[in-house]
J.: 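Following this message is one structure expressed as structure tokens.
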There are 2 protein chains.
Amino acid sequence: MYTLYFQHFNSKVRLTEEEQELIKSYLTLKKLRKKQYLLQEGDVCKVIAFVEKGALRAYSVDENSNEHIIQFGLEGWTISDLYSFLTGEPATYNIDALEDSELVLISKSAHEELLQTMPKYETFTRLNITGAYLAMQRRLTSIISASVEERYQDFINLYPHIVQRVPQHMIASYMGLTPETLSRIRKRISSK
Amino acid sequence: MYTLYFQHFNSKVRLTEEEQELIKSYLTLKKLRKKQYLLQEGDVCKVIAFVEKGALRAYSVDENSNEHIIQFGLEGWTISDLYSFLTGEPATYNIDALEDSELVLISKSAHEELLQTMPKYETFTRLNITGAYLAMQRRLTSIISASVEERYQDFINLYPHIVQRVPQHMIASYMGLTPETLSRIRKRISSK
DNA sequence: AAAGCACATTGATTCAAATCAATGCTTTTG
DNA sequence: CAAAAGCATTGATTTGAATCAATGTGCTTT
């Protein structure tokens, strides 16, 4: 419990035992069965979730009820509807579990209190959001400038573990493609 | 000089006069003529730039020498190749001025020192990157899930001032479209 | 003022991905 | 275990954006 969370924390900002215990007192654990929701569109997002074990996805649903995957969250990743969390507006994303999962949750009040009282937590938060920003920028750049085939190659190089664990049609959705198109791209690639 | 910068800073984290002077001692000013580069691909990005006046763009160039605009930076925005700035790797983006511009620059060493010595600067940085993350997530979501026409509508609603000041083919580039396509989309929209 | 560019528009054609549809395979689940 | 559901693949067709090409217009720039 909390192992991976503090492993990540310490790799970015070194904590003493006492600091670790203090932070732990602000966190809660949650298990999610496959297909269970962590968040549904329209609800306010109350937590930021760190994935200790398992896999989740955040996705939006458009007017034609097509799902568009915004983000995957595997072990070591953080997942949330940050906009809703920060503003208190209703969430525009759904988040659910692709596998049975274990999460470390932090509530808004806990998050704010830690930010204000513990400089190391603010540093951790800053580094986390910076990493997320850079990852998203890479994704955006590749969408705008690369061919679909290159983008898939980039994806499997960057996230080989996701390719293993997540159904292909969800990767298609993450890439903004139909499952048929992704299947044909894989065929093209493998015939080389 | 620095007016807009500190206006922004104070709107996020309130500073005393003395703190303001202290920070000012870490900043430098730079003027850029239209078409001048702030950063060229391959160089290491040495600064984060805050736009006091004018307009810039960050863009990448692909193997067919097509330009892809990653970001615009108008008054009040921050622009940089953050990945290069943080890692010291060569930049993958170019940044240049679309108009004569005035920038407030912070170097890496200044940035790091302020982060370590001044909690308010870290908070400011965290809030800035969080805002940038949310803006980019909105853009990404719209690319993945909305039609090109909706995306353009969203863009002009969100950034009407950019539409005024930036040539249309650059907006097309920012949206990942050809200028011809954007022209036709505008025609379709206006004929309603 | 004239020449040369940069830019937006429009038309014709090509091309890549979406859509529609069907099949076989695997995994759930009743 | 059998039925059903979920998933990947393949084929045929449609659709929307890219490409190629030409024109007009307003700015620079010399």
Side-chain angles (χ1 to χ4, degrees), chain A residues 33-36 54-55 57 59 61-69 72 94 96-100 142-156 162-192, chain B residues 33-36 55 57 59-69 72 94 96-100 142-156 162-192:
Chain A
R33 285 276 166 71
K34 186 172 174 170
K35 298 199 183 196
Q36 264 193 301
R57 85 230 241 238
Y59 62 98
V61 180
D62 68 20
E63 60 273 17
N64 313 318
S65 57
N66 288 115
E67 294 177 359
H68 302 280
I69 295 183
F72 291 111
N94 301 276
D96 65 13
L98 303 176
E99 307 171 1
D100 294 354
S142 123
I143 289 184
I144 288 184
S145 39
S147 73
V148 178
E149 199 166 318
E150 288 168 317
R151 281 170 55 204
Y152 183 67
Q153 291 282 16
D154 291 351
F155 183 85
I156 56 182
I162 297 187
V163 180
Q164 310 300 331
R165 280 167 69 178
V166 165
Q168 202 171 295
H169 71 273
M170 289 192 184
I171 293 170
S173 165
Y174 179 88
M175 296 183 65
L177 302 176
T178 60
E180 293 95 327
T181 298
L182 183 55
S183 171
R184 287 185 245 262
I185 283 158
R186 283 164 51 86
K187 197 180 176 187
R188 276 213 303 267
I189 288 174
S190 71
S191 72
K192 284 184 182 171
Chain B
R33 285 277 166 71
K34 186 171 174 169
K35 300 200 181 193
Q36 261 194 301
R57 87 234 242 234
Y59 62 98
S60 65
V61 181
D62 68 22
E63 61 272 16
N64 312 319
S65 56
N66 288 117
E67 294 178 0
H68 303 279
I69 295 184
F72 292 111
N94 302 276
D96 65 13
L98 303 177
E99 308 171 359
D100 294 354
S142 122
I143 289 182
I144 288 184
S145 38
S147 72
V148 178
E149 199 166 319
E150 287 168 316
R151 282 168 56 204
Y152 183 68
Q153 291 281 16
D154 291 351
F155 183 85
I156 56 183
I162 296 187
V163 180
Q164 310 300 332
R165 280 167 69 178
V166 164
Q168 202 172 294
H169 71 274
M170 291 193 184
I171 293 170
S173 166
Y174 178 88
M175 296 183 65
L177 301 175
T178 60
E180 293 95 326
T181 298
L182 182 56
S183 170
R184 286 184 246 263
I185 283 158
R186 283 165 51 86
K187 197 180 176 186
R188 275 214 303 269
I189 288 175
S190 71
S191 72
K192 284 181 181 172

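Just so it is clear: chains get the letters A, B, ... in the order the sequence lines come, proteins before strands, and each one is counted from 1.
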J.: Are Tyr152(A) and Ile156(A) packed together at the side-chain level, in the sense that at least one heavy-atom pair is separated by less than 4.5 angstrom?
T.: yes

J.: Rounded to whole angstrom units, what separation is found between the NZ atom of Lys35(B) and the P atom of dC27(D)?
T.: 15 Å

J.: Report the residue (Thr181(B) or Met170(B)) whose heavy-atom-nearest nucleotide on DNA chain C is the more 5′ of the two.
T.: Met170(B)

J.: Evaluate His169(A) against Leu182(A) for side chain to side chain contact (heavy atoms under 4.5 Å, CB included), listing each step before the verdict.
T.: CA-CA 8 Å; His169(A) 71 273; Leu182(A) 183 55; over 6 Å; no

J.: Check salt bridge (Lys or Arg N to Asp or Glu O under 4.0 Å) between Glu150(A) and all other residues, then give those that pass, not counting sequence neighbours.
T.: none

J.: Nearest to the side chain of Ser183(B), heavy atoms from C-beta on, is which of dA18(D), dT10(C), dC7(D)?
T.: dT10(C)

J.: Donor-acceptor pair, Ser145(A) side chain versus Asp62(B) backbone, under 3.5 Å?
T.: no

J.: Figure out the CG/P separation between Leu182(B) and dA8(C), and round it to whole Å.
T.: 9 Å

J.: Ignoring backbone atoms, test whether Gln168(B) places a side-chain nitrogen or oxygen under 4.0 Å from the OP1 or OP2 oxygen of dA6(C).
T.: no

J.: For Arg151(A) and dA17(C), what is the distance between atoms CZ and C1' respectively, to the nearest whole Å?
T.: 12 Å

J.: Take atom CD1 of Ile189(B) and atom C1' of dT9(C), then tell me their distance rounded to the nearest Å.
T.: 16 Å

J.: Would you say the side-chain atoms of Arg57(A) pair up with the backbone N or O of Ile69(A), donor to acceptor, closer than 3.5 Å?
T.: no

J.: With nearest nucleotides of DNA chain D determined for Pro167(A) and Gly176(B) from heavy-atom distances, which residue corresponds to the more 5′ nucleotide?
T.: Pro167(A)

J.: Kindly say whether, by distance alone, the side chain of Glu180(A) makes a donor-acceptor pair under 3.5 Å with the base of dC20(C)?
T.: yes

J.: Measuring to OP1 and OP2 of dA8(D), would you say a side-chain N or O of His169(A) lies under 4.0 angstrom away?
T.: yes

J.: Expressed in angstrom and rounded to an integer, what is the separation of Met175(B) atom CE from dA18(D) atom P?
T.: 10 Å

J.: What's the CG-C1' distance between Asn66(B) and dT19(D), to the nearest Å?
T.: 11 Å

J.: Looking for any heavy atom pair under 4.0 Å, which part of the strands does Leu177(B) touch: base, sugar-phosphate only, or nothing?
T.: sugar-phosphate

J.: With a 6.0 Å cut-off (strictly less than), is the heavy-atom count around CZ of Arg33(B), excluding the residue itself, greater than 12?
T.: no

J.: Take atom CG of Asp62(A) and atom C1' of dA18(C), then tell me their distance rounded to the nearest Å.
T.: 14 Å

J.: Using only side-chain N and O atoms of Thr178(B), determine if any of them is under 4.0 Å from OP1 or OP2 of dA18(D).
T.: yes

J.: Rounded to the nearest 0.5 Å, what separation is found between the CG atom of Asp96(B) and the OH atom of Tyr59(B)?
T.: 4.0 Å

J.: Can you tell me how far C1' of dA6(C) sits from NZ of Lys34(B), to the nearest Å?
T.: 10 Å

J.: Is there a side-chain polar atom (N or O) of Lys187(B) under 4.0 Å from OP1 or OP2 of dT9(C)?
T.: no

J.: Identify all pairs in which a protein N or O lies below 3.5 Å from an N or O of nucleotides 12-16 of chain D, and state each distance.
T.:
residue: dA12(D); atom: N6; partner: Arg184(A); partner atom: NH2; Å: 3.4

